[in-house]
Amino acid sequence: MEMAFSVVPFLSRKTGAACTAAALNRGRLSMNAPFRIAAAFGYHGGLAGGIAYSRKVACKSRPEAGNRFMRSIDLLDWDDLRVFLDVARTGNLSQTSRRLRIDHSTVSRRISQLEQALGSGVFERTRSGFKLNDLGKRLLPHAEAVESAMLKVRSEVNETAPEAAGTVRLATMEGIASLYLAPRAILLRDAAPHITLELVTSPQMIYVNRREADLFISFFKPPGQGLVSEKIGSFRLGLYASQSYLDRKGCPADLADLADHDFITYVEDLIQVDTVRWLDEVIQNPRVVMHSSSMIAQRNAAIGGLGIVLLPRFSIHETTPLVPILHDKAFTTREIWTSVHQDLQFSPRIRTVIAFLTRQIQSDMQAGIL
């Protein structure tokens with residue numbers, strides 16, 4: 001059995017490290033080359049796996065006792081495991097197809113190949129999607145260990161590159177993505193021209209420990225194991241209304257006057273993240289005339305003259321036709337956090353993006369933009 005990288009105790013760490021070093025020294029270990037996963041069941045039923053280079057590397061492990069089952073899973077294809085992991089996380093073949101940018105039929109074939117190699121199914125097919133069965137649940141943590149090892153290999157390879165390069169999927173909420181990050185994407189491009197940004201918006205928490213994104217920006221420190229989170233700044237929120245609304249309803253002179261005004265806020269039962277319940281911190285029992293799950297929709301409704309809205313300062317620009325209300329009395333603040341899976345925390349492309357965000361946010365805080 002050919003072995004080039006060991007990621008679990010059942011396989012020899014010394015042999016794996018020696019093979020990897022030998023392959024790296026000869027320039028044979030490439031992230032563009034095909035990898036296969038060597039896997040075997042431990043004596044107590046645990047599944048052990050490691051990365052085996054599919055091209056020949058002059059480093060051999062001890063031959064296994066030949067039984068048909070062991071030979072059938074002697075080499076598991078990394079692409080099969082990669083698809084398995086994504087289907088386990090999404091529960092949907094179509095989502096996996098889109099996320100991995102492969103055909104739907106390829107996703108099905110990869111799962112079938114994996115199950116054939118293992119001699120058993122790993123999913124239960126239900127009307128709501130794919131769910132892990134007992135074997136799939138046992139396989140999952142070991143497949144994640146292999147995935148972590150692959151990410152570390154990629155980081156090691158990227159360390160030798162002259163500058164950070166690659167794609168970074170950054171997930172965050174719609175408001176800060178559309179009204180703050182997107183207009184500054186050109187600045188990231190200027191600072192890191194070889195990095196491609198994928199900006200994903202979501203009203204709920206994104207789990208980077210489930211590989212839903214490389215990087216998550218939130219207004220709170222996310223819970224979860226395997227996360228490395230860092231507070232990189234904060235922003236202020238205040239009340240705003242259009243001049244047409246103020247001409248019609250009058251401008252509040254103090255907090256007590258707010259009870260007589262109309263407000264725009266989020267749809268209560270659709271709130272996925274508690275930190276956006278910020279209007280409750282400024283006024284109790286506001287008279288709400290419109291609910292929306294979109295911050296941009298709330299902002300535009302206020303611009304149209306419907307009512308008063310509580311917005312982050314970063315959403316207001318010189319050309320925005322909104323007037324601040326009780327700026328020094330009615331306001332609140334939120335923190336800005338970055339979170340990344342611990343396996344990616346030293347990746348050059350991730351470090352480059354986090355460093356850019358930290359510099360930009362600190363600069364905009366000092367300039368009063370945040």
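Remember, it's a predicted structure, so these values are computed and weren't measured experimentally.
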What's the separation between atom CG in Leu114 and atom CG in Leu81, rounded to the nearest 0.5 Å? 5.5 Å
N-O pairing of Arg109 and Asp103 below 4.0 Å: no
CZ/Phe331 to CG/Leu237 distance, rounded to the nearest 0.5 angstrom? 11.0 Å
Separation of Thr275 OG1 from Phe220 CZ (nearest 0.5 Å): 5.5 Å
Is a side-chain donor or acceptor of Gln113 paired with a backbone partner of Arg110 at a separation under 3.5 angstrom? no
Could you tell me whether Asp79 and Arg82 have a side-chain N and a carboxylate O separated by less than 4.0 Å? yes
Minimal heavy-atom distance between Ile111 and Phe123, with the atoms involved, is CD1-CE1, 3.7 Å
Determine whether a donor-acceptor pair (N or O, by modelled atom type, separation under 3.5 Å) exists between the side chain of Glu230 and the backbone of Ser339. no
Hey, which of Leu135, Leu140, Asp134 is the one that makes side chain to side chain contact (heavy atoms under 4.5 Å, CB included) with Val122? Leu135
Cluster check Phe356, Met365: I/L/V/M/F/W/Y, side chain < 4.5 angstrom: yes
Apply the test side-chain contact (heavy atoms from CB on, under 4.5 Å) to residues Asp247 and Gln243: give CA-CA distance (whole Å), side-chain angles for both, the deciding distance (0.1 Å), then the verdict. CA-CA 6 Å; Asp247 291 342; Gln243 189 60 53; 2.9 Å; yes
Smallest heavy-atom separation, Phe263 atom then Leu239 atom, equals CE2-CD2, 4.1 Å
Would you say the side chains of Ser242 and Ser244 form a donor-acceptor pair under 3.5 Å? yes
Can Val200 be reached from Ile176 by stepping across I, L, V, M, F, W or Y side chains whose heavy atoms are under 4.5 Å apart? no
With hydrophobic residues grouped by side-chain heavy-atom distances under 4.5 Å, do Trp278 and Leu270 end up in a single group? no
Rounded to the nearest 0.5 Å, how far does OG1 of Thr358 lie from CZ of Arg351? 13.0 Å
Checking His341 side chain against Asp343 main chain: does a donor-acceptor pair fall under 3.5 Å? yes
Indicate yes or no: at least one non-hydrogen side-chain atom of Phe235 is less than 4.5 angstrom from one of Ile369. no
Hey, is Glu124 close enough to Lys131 for a salt bridge, meaning N to O under 4.0 Å? no
Could you tell me if Glu335 and Ser234 have a donor-acceptor pair between their side chains, going purely by distance under 3.5 Å? no
Can you see whether Thr167 engages Thr196 through a side-chain donor-acceptor pair at a distance of less than 3.5 angstrom? no
So, for Ile361 and Gly233, which heavy atoms are closest and what is the spacing to 0.1 Å? CG2-CA, 4.0 Å
Report the C-alpha distance between His327 and Arg313 in whole Å, list the side-chain angles of each, state the deciding distance to 0.1 Å, and finish with yes or no for side-chain contact (heavy atoms from CB on, under 4.5 Å). CA-CA 11 Å; His327 185 68; Arg313 187 155 56 179; 4.2 Å; yes
Pair Arg287 + Asp260: basic N to acidic O under 4.0 Å: no
Indicate yes or no: does Arg125 engage Glu115 in a salt bridge with an N to O separation below 4.0 Å. yes
Tell me whether Arg334 forms a cation-pi arrangement with Phe219, defined as NZ or CZ under 6.0 Å from the six-membered ring centre and within 45 degrees of its axis. no
Mind checking whether Phe314 and Arg236 have side chains closer than 4.5 Å, heavy atoms only? no
Any side-chain heavy-atom pair of Lys231 and Thr338 under 4.5 Å: no
Any idea which heavy atoms bring Leu306 and Arg248 closest together, and the distance? O-NH2, 4.2 Å
To the closest 0.5 Å, what do you measure between CG (Leu322) and CD1 (Ile316)? 5.0 Å
Assign the ring pair Tyr245 / His261 to parallel, tilted or perpendicular, where the plane angle (0 to 90°) is split at 30° and 60°. tilted
Check this for me: does any side-chain nitrogen of one of Arg277 and Glu268 sit under 4.0 Å from a carboxylate oxygen of the other? yes
Is any side-chain heavy atom of Tyr266 closer than 4.5 Å to a side-chain heavy atom of Ser292? no
Closest non-hydrogen atom pair, Ala192 against Thr352: CB-CG2, 3.7 Å
I'd like to check Val83 versus Leu100 (side-chain heavy atoms, cut-off strictly below 4.5 Å). Are they in contact? yes
To the nearest 0.5 Å, atom CD of Gln298 lies from atom CD1 of Ile308 at 13.5 Å
Could you tell me whether the side chain of Arg349 reaches within less than 4.5 Å of the side chain of Asp214, counting heavy atoms only? yes
Let me see the working for Lys249 and Asp262 under side-chain contact (heavy atoms from CB on, under 4.5 Å), right down to the final yes or no. CA-CA 9 Å; Lys249 293 284 191 175; Asp262 300 331; 3.4 Å; yes
Looking at Leu93, Asn92, Asp86, which one forms a side chain to side chain contact (heavy atoms under 4.5 Å, CB included) with Val107? Leu93
Applying side-chain contact (heavy atoms from CB on, under 4.5 Å) to Arg184 and Leu181, what does each step give before you reach the verdict? CA-CA 5 Å; Arg184 289 160 178 77; Leu181 294 176; 6.0 Å; no
Heavy-atom closest pair, residues Pro203 and Val273: O-CG2, 3.5 Å
Between Asp280 and Gln284, a side-chain donor and acceptor under 3.5 Å: no
Would a 4.5 Å heavy-atom cut-off, applied to side chains only, mark Ile325 and Leu246 as touching? yes
Do Glu198 and Val168 have side chains that approach each other closer than 4.5 Å (heavy atoms only, starting at C-beta)? no
